[in-house]
Amino acid sequence: MRWSRQFIPTLREVPQEAEIPSHRLMLRAGLIRRLSGGLYTFLPLGLRSLRKVEQIVREEMDRAGALEILMPALQPADIWQRTGRLEAMGGVMFHIRDRQGRAMVLGPTHEEVTTLLAAQDIDSYRQLPRTFYQVQTKFRDEIRPRFGLMRAKEFIMKDAYSFDVDEAGVDASYEAMRAAYVRIFARCGLRTRVVEADTGAMGGRDSQEFMVLAEAGEDGVIDCPDCGYAANLERAEGRPPALPVVEGADGPSAEVETPGARTVEQVAAFLEVSPRQLVKTLIYLADDRPVAVLVPGDREVNEIKLQRALGAGRLALADEARIVEVTGAPVGFAGPAGLDLPKLADESLRGARGCVTGANRADAHRVRVDLARDAGALAYADLVFPCAGDGCPRCADGRLREERGIEVGHVFKLGTKYAEALGASVLDEGGRRRPPLMGCYGVGVTRTLQAVIEQRHDAQGICWPAALAPYPVGLLCLNTRDAACAAAADALYAALIDAGVEVLYDDRDERPGVKFKDADLVGFPLRVAVGERGLSRGVVEIRERATGVTDEAPPEAAAERIRTRLAELVAKESADGA
RNA sequence: CGGGGCGUGGCGCAGUCUGGCAGCGCGUCAGCUUUGGGAGCUGAAAGUCGUGGGUUCGAAUCCCACCGCCCCGACCA
């Protein structure tokens, strides 16, 4: 393809809408354009790379034995009603009505549709195991779309669903997908981290996420450098350090006046103690029943953990009126002593003495509290988000680190929830009817594309892996008005096409500097420069984008040399990723 | 949904406070020169100043409403 006939609107200046490097580069390199918030058009170069990611995904799914299908993006709302997810998904689904007034949704995922397919056409264990997948546009009404393709209202996802008769089968299906994911991301030239994850609104058990570590990541990742434990922040456990026991803390507890001090910072400053010394008492409503939740003053409640510990269906912080009603004090002064509510405390508060709590009275707190002595009946559970520096939950000496990650893949086991809700069942070997065990596996295709750029770029532009570059080779004719130069470049272009190399030929009547800048920005893994200077010495220049390693070849031999170097690049990249 | 900010040729912005010819840089088009890291000169095209209403002799500028976009936050005592 000739540059003069492609559509590559590169931008010299940085568009103001973009915040993170990958987003800026996708706009500047002419890969995408924004239509409105969270909605993007793929331009020719962006689409070429996107198709390459999809192709890798398909090849690895097929290799793992999954079967490609294509389900409707538009779905009747009632199937979501049947699994209880119409409410559970909250506002993330786009709701529309057809002309008959039937309620429809644009699918953010496809568990319901897949399960109904199985209910229709899978009757016997003999038809199992089966894993279906599709590559499809998904819709989510994001509260706040941002970072280009990273969090968009419309995005392309590969989603796969497995069906098995027994646990051993699910384990095998899950492992096959997990292994396929490792290969997919390696081939995309991504370094990923596999972390334990929470199953969230999906329901289910084992769950792992593939994270691309990046500053701009929207997910927290906790890991232990000693033993390799790694988990999504929402799921991660940790051992917070014990509360410091201060001098004279063993005396009887007493109320002190703390006028106006209601936040942890205010109280800590007023009493001249560290926030660690405080115990926060939060009033939650678990299925509308109030419960007191105690956590260290410098920690935050992980509501997912809390909900699980309480076995609650619905969980929310109590509103101001309710807090006054159950504690007798305004917000900010709740404490466990004398509070007649079920109480649940974080594990790290076991044996806490000498701490500060609210006094259940306006403008008062209680000091020298010994939870075991003063707080009445307390249950303990892991309720908080871990922090960097906490002890590792899996090994003795490890100290946890906290990093940011972009979730590009997610695998998990769903159990029988959907099959039961939608009436899917199969006959097992003994002739008994039972719901199949499901697994579900997603790859954010558009997000993966952007994650690659986020991980592989420099000040000049994108450093595409050869496997994903829109064109792996950029051929620059440095002076189109010089007959010899143009002839040599034309000949090499023809030779590269004959050699089966995907090449973009910059044949524009531009100065060399413009072509070099654009080539760096667009990020051809190999850049071939044909100029008068080189030709006078009988060579063209071949330069590797990522490393800057440059060599030269006679024009006649260049096509073959380029082909060889490209093959080496692809091999090296997927080895690095794996 | 709450808070903040922004909407002015394709892109980036100034002009708005203090009303009085709609500007700058980049890009685009034409010509000449130039050709190994975003060239120089000359000329040109291109703007309902987000939309609607109001105030005024006169509105990009002041007032009201709406729309769009960006950022932060969304109940942590």
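Side chains are part of it too, since the values below use all heavy atoms of this structure and drop only hydrogens, waters and symmetry mates. Letters A, B, ... mirror the listed sequences (proteins, then strands); counts begin at 1.
Contact annotation: A:Arg12 reaches the phosphate of B:G27 (side-chain N/O to OP1 or OP2, under 4.0 Å).
Among the atoms of the strands shown, none is found under 4.0 Å from any heavy atom of A:Asp482.
Spacing between atom CZ of A:Phe7 and atom P of B:G10 amounts to 14 Å, rounded to whole angstrom units. If you measure from atom CD of A:Glu218 to atom C1' of B:C71, you get 14 Å, rounded to the nearest angstrom. Rounded to an integer number of Å, the gap from A:Asp506 CG to B:G37 C1' is 13 Å. Taking atom CZ of A:Arg543 as the reference point, atom C1' of B:G37 lies 10 Å away to the nearest angstrom. Rounding to whole angstrom units, CZ of residue A:Arg545 and P of B:G37 are separated by 17 Å. Between A:Trp3 atom CH2 and B:G38 atom P there is a gap of 16 Å when expressed in whole angstrom units. Going from atom CZ of A:Arg28 over to atom P of B:C26 covers 17 Å, rounded to whole Å. Between A:Arg34 atom CZ and B:G10 atom C1' there is a gap of 15 Å when expressed in whole angstrom units.
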**Worked verdict on A:Asp374 versus A:Arg366 for salt bridge (Lys or Arg N to Asp or Glu O under 4.0 Å)** = CA-CA 10 Å; A:Asp374 304 323; A:Arg366 179 170 284 276; over 6 Å; no
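Checking each of A:Arg537, A:Arg561, A:Arg543 against A:Glu552 for a side chain to side chain contact (heavy atoms under 4.5 Å, CB included) leaves exactly one that passes, namely A:Arg537.
The side-chain heavy atoms of A:Arg373 and A:Ser253, taken from C-beta on, include a pair separated by under 4.5 Å. You'll find the side chain of A:Thr10 stays beyond 4.5 Å of the side chain of A:Arg12, heavy atoms only. Residues A:Arg235 and A:Glu209 fail the side-chain proximity criterion, which asks for heavy atoms closer than 4.5 Å. Here the side chains of A:Pro336 and A:Thr357 are in contact, with some heavy-atom distance below 4.5 Å.
Atom P of B:U33 sits at a distance of 23 Å from the matching atom of B:C26, rounded to the whole Å. B:U16 and B:C6 have their P atoms separated by 13 Å, given to the nearest Å. For the P atoms, the distance from B:C69 to B:C11 is 15 Å, rounded to whole Å. When the C1' atom is compared between B:G20 and B:C72, the two are found 40 Å apart, to the nearest whole Å. Separating the C1' atom of B:G68 from that of B:G50 is a span of 7 Å, rounded to the nearest Å. The separation of B:C29 from B:G10, taken at their P atoms, amounts to 15 Å, rounded to a whole angstrom. Taking atom P on both B:C24 and B:G37, the two are 31 Å apart, rounded to the nearest angstrom. For B:A60 and B:U48, the P atoms lie 13 Å apart once the distance is rounded to whole Å.
In this structure B:C1 sits in a base pair with B:G73, meeting the Watson-Crick or G-U test at under 3.5 Å. When both distances must be under 3.5 Å, the Watson-Crick or G-U wobble mate of B:G37 does not exist. Here B:A65 sits opposite B:U51 as a Watson-Crick or G-U wobble pair (both hydrogen-bonding atom distances under 3.5 Å). Across all strands shown, B:A14 forms no Watson-Crick or G-U wobble pair with both distances under 3.5 Å. Figure legend. B:G27 is base-paired to no nucleotide; pairs are counted as Watson-Crick or G-U wobble with both atom distances under 3.5 Å. Under the Watson-Crick or G-U wobble criterion, with both distances below 3.5 Å, B:C57 is paired with B:G20.
The existence of a salt bridge linking A:Glu300 and A:Lys280 is excluded, since no basic side-chain nitrogen approaches an acidic carboxylate oxygen closer than 4.0 Å. We find that A:Glu541 and A:Arg527 are joined by a salt bridge, their nearest charged nitrogen and carboxylate oxygen being less than 4.0 Å apart. Between A:Arg289 and A:Asp287, none of the side-chain N atoms (NZ, or NE/NH1/NH2) sits under 4.0 Å from a carboxylate O, so this pair counts as no salt bridge.
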**Prompt:** Using a cut-off of 4.0 Å between protein heavy atoms and nucleotide atoms, how would you tag nucleotides 72-77 of chain B 5' to 3' with B, S and -?
**Reply:** B-BBBB
**Request:** Heavy atoms under 4.0 Å is the rule here; annotate nucleotides 28-36 of chain B 5' to 3' with B where the base is hit, S where only the sugar-phosphate is, and - elsewhere.
**Result:** ------BBB
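Atoms CD and CG, on A:Glu454 and A:Leu213 in that order, are 12.0 Å from each other to the nearest 0.5 Å.
Both the sub-6.0 Å distance and the 45° axial angle are not jointly satisfied by A:Arg447 relative to the ring of A:Phe155.
No hydrogens or angles were tested; on distance alone, nothing pairs the side chain of A:Glu13 with the base of B:G27 as donor and acceptor under 3.5 Å.
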